[in-house]
Amino acid sequence: FNFIIPLPSTIKEVKNILQQSKEDLKNTNSFYKNSKIMFYWNTRVQLDGIDLKICVYLDEKKRAIELENFMGHLHELEDKFKQMAFESQKQASDYISDNWNKYAKFYQVITQNKKIILERNNAAISDNIVKFGKMILATNNNNLNHESMIALYRQRDSIEKAFDVMKNDLHEYRLRTSTNKTTSGKIFITFLSVILYSALLQLMRPSLIKKFTVAEIFSELKKIRVIKLDNTDCYLTEISKTQRLFFKELGIPVPEAPSY
């Protein structure tokens, strides 16, 4: 069978691949995907006796964000260290090991001119920075190129997100049915709900995503009611400013009272 898997950067071979691709990713091998430029680099390796095609992808925008966040956090830790007083080098080292978690490996404590100071582990920092903005995919299918590999992998990501929506947003992690017929019916309705939920997410512009969740939009829109009087006249409840904003941003015409 064929497969596509992401490779973790903790594997020795992957660390070597990251170093090898460091310079080559600066060339013009790129493609346009989801409104952004992706750089790529291909190679082949053998892992556990399996011949694999490897593709390293680089997103420069993502790399810049990750680099800024990482270096900013390092400066914050260093400023905090300068404000503290330690009685010995060991006490300072123990403090870093106990409190700085994964950032402890980027430093070593030394004594210089009878002062306890913090020194960066530049090799460890460089090894960490080389991973920023990158994703490594491996496949045993030689017919896939760099674009088809990442497209197929992200399809799996979409499926996982759909299941996450079903369990956590629609709260359908338990069927609670007693017959095959009701089970099939509930699965079908859940399937339709996931489609509608996903479609609404795609329609939501950044201005909506920053302020509202899908659940909040549904909660607001379901307040709209059609009132039917005895004389068969129908009236639509007043549409609020927020509801009108939703219709406008989603590209949906403002509803009108139906006529019977």
Side-chain angles (χ1 to χ4, degrees), residues 1-77 101-103 105-107 120-165 198 201-210:
F1 65 94
N2 294 326
F3 60 83
I4 302 173
I5 58 172
L7 296 181
S9 58
T10 53
I11 301 176
K12 180 181 178 181
E13 289 81 356
V14 174
K15 291 180 179 179
N16 293 334
I17 290 170
L18 286 171
Q19 291 297 335
Q20 292 169 19
S21 66
K22 188 175 180 180
E23 294 299 323
D24 292 326
L25 277 170
K26 295 179 181 179
N27 61 25
T28 56
N29 285 338
S30 62
F31 62 100
Y32 198 65
K33 186 72 174 176
N34 296 331
S35 302
K36 61 183 177 182
I37 299 295
M38 296 283 289
F39 294 89
Y40 68 92
W41 180 76
N42 293 316
T43 189
R44 302 196 71 88
V45 298
Q46 278 212 343
L47 291 176
D48 295 329
I50 303 174
D51 185 48
L52 296 175
K53 181 178 181 178
I54 307 293
C55 193
V56 182
Y57 300 91
L58 171 63
D59 183 340
E60 283 284 13
K61 289 184 179 179
K62 184 179 178 182
R63 180 185 182 277
I65 293 171
E66 292 179 349
L67 180 61
E68 183 176 356
N69 291 339
F70 174 69
M71 297 306 297
H73 194 61
L74 291 187
H75 284 291
E76 288 177 5
L77 292 174
N101 301 318
K102 62 181 181 180
Y103 285 89
K105 64 181 179 181
F106 301 126
Y107 293 101
R120 288 185 177 182
N121 183 342
N122 291 322
I125 291 174
S126 296
D127 287 343
N128 194 56
I129 289 176
V130 77
K131 299 182 292 185
F132 291 166
K134 293 178 183 175
M135 178 173 65
I136 304 175
L137 295 181
T139 182
N140 61 345
N141 188 345
N142 294 324
N143 296 322
L144 298 179
N145 62 15
H146 56 278
E147 289 193 60
S148 55
M149 279 178 68
I150 194 169
L152 286 172
Y153 177 74
R154 284 181 172 169
Q155 283 181 14
R156 190 201 73 167
D157 183 56
S158 299
I159 294 171
E160 290 178 347
K161 287 180 179 177
F163 274 98
D164 182 69
V165 165
S198 301
L201 269 180
Q202 289 184 338
L203 288 173
M204 288 175 68
R205 299 179 184 180
S207 57
L208 284 183
I209 294 175
K210 290 179 181 178

Using a 4.5 Å cut-off on heavy atoms from C-beta on, say whether the side chain of N29 contacts that of W41. no
Is the number of heavy atoms from other residues, nucleotides or ligands within 6.0 Å of CZ (F31) greater than 12? yes
L47/L7 under side chain to side chain contact (heavy atoms under 4.5 Å, CB included): CA gap, chis, key distance, verdict: CA-CA 11 Å; L47 291 176; L7 296 181; 4.3 Å; yes
Listing, residues 48-66 side-chain donor-acceptor contacts under 3.5 Å, not counting sequence neighbours, or none:
from	atom 1	to	atom 2	distance (Å)
D51	OD2	R44	NE	3.4
D51	OD2	R44	NH2	2.9
K53	NZ	L144	O	2.4
Y57	OH	H146	O	2.5
D59	OD1	K61	N	3.1
D59	OD1	K62	N	3.3
D59	OD2	K36	NZ	3.0
E66	OE1	G133	N	2.7

Between the NZ atom in K134 and the CD1 atom in I17, the distance rounded to the nearest 0.5 Å is 11.5 Å
Quick one: side-chain contact (heavy atoms from CB on, under 4.5 Å) partners of L74, sequence neighbours excluded? F70, M71, E78, Y103, F106, Y107, R120, I125
All heavy atoms of R154 vs all of M38, minimum pair found to be NH2-CE, 4.2 Å
How long is the gap from CD1 on I150 to CG on L152, to the nearest 0.5 Å? 10.5 Å
Once rounded to the nearest 0.5 Å, what's the spacing between atom CG of L137 and atom CD1 of I5? 9.0 Å
Please assess F3 against T139 for the test side chain to side chain contact (heavy atoms under 4.5 Å, CB included), listing each intermediate value before the final yes or no. CA-CA 6 Å; F3 60 83; T139 182; 5.5 Å; no
State which residues pass side-chain contact (heavy atoms from CB on, under 4.5 Å) with K131; sequence neighbours excluded, sorted by chain then number. S9, L18, N128
Apply side-chain contact (heavy atoms from CB on, under 4.5 Å) to D164 and list each qualifying residue two or more places apart in sequence or on a separate chain. N168
For Y153, enumerate each residue passing the ring pair (Phe, Tyr, Trp, His ring centres under 6.0 Å) test, keeping only those at least two apart in sequence or located in another chain. none
Sorted by chain and residue number, the side-chain hydrogen bond (donor to acceptor under 3.5 Å, both in side chains) partners of N145 (sequence neighbours excluded) come out as S148
Identify the heavy atoms of S30 and Y40 that sit nearest to each other, and give their distance. N-CE2, 3.5 Å
Checking D127 now: which residues fulfil side-chain contact (heavy atoms from CB on, under 4.5 Å) with it, not counting sequence neighbours? Q19
By the salt bridge (Lys or Arg N to Asp or Glu O under 4.0 Å) test, which pairs, at least two apart or in different chains, include something from residues 5-21? none
Using a 4.5 Å cut-off on heavy atoms from C-beta on, say whether the side chain of I129 contacts that of L67. yes
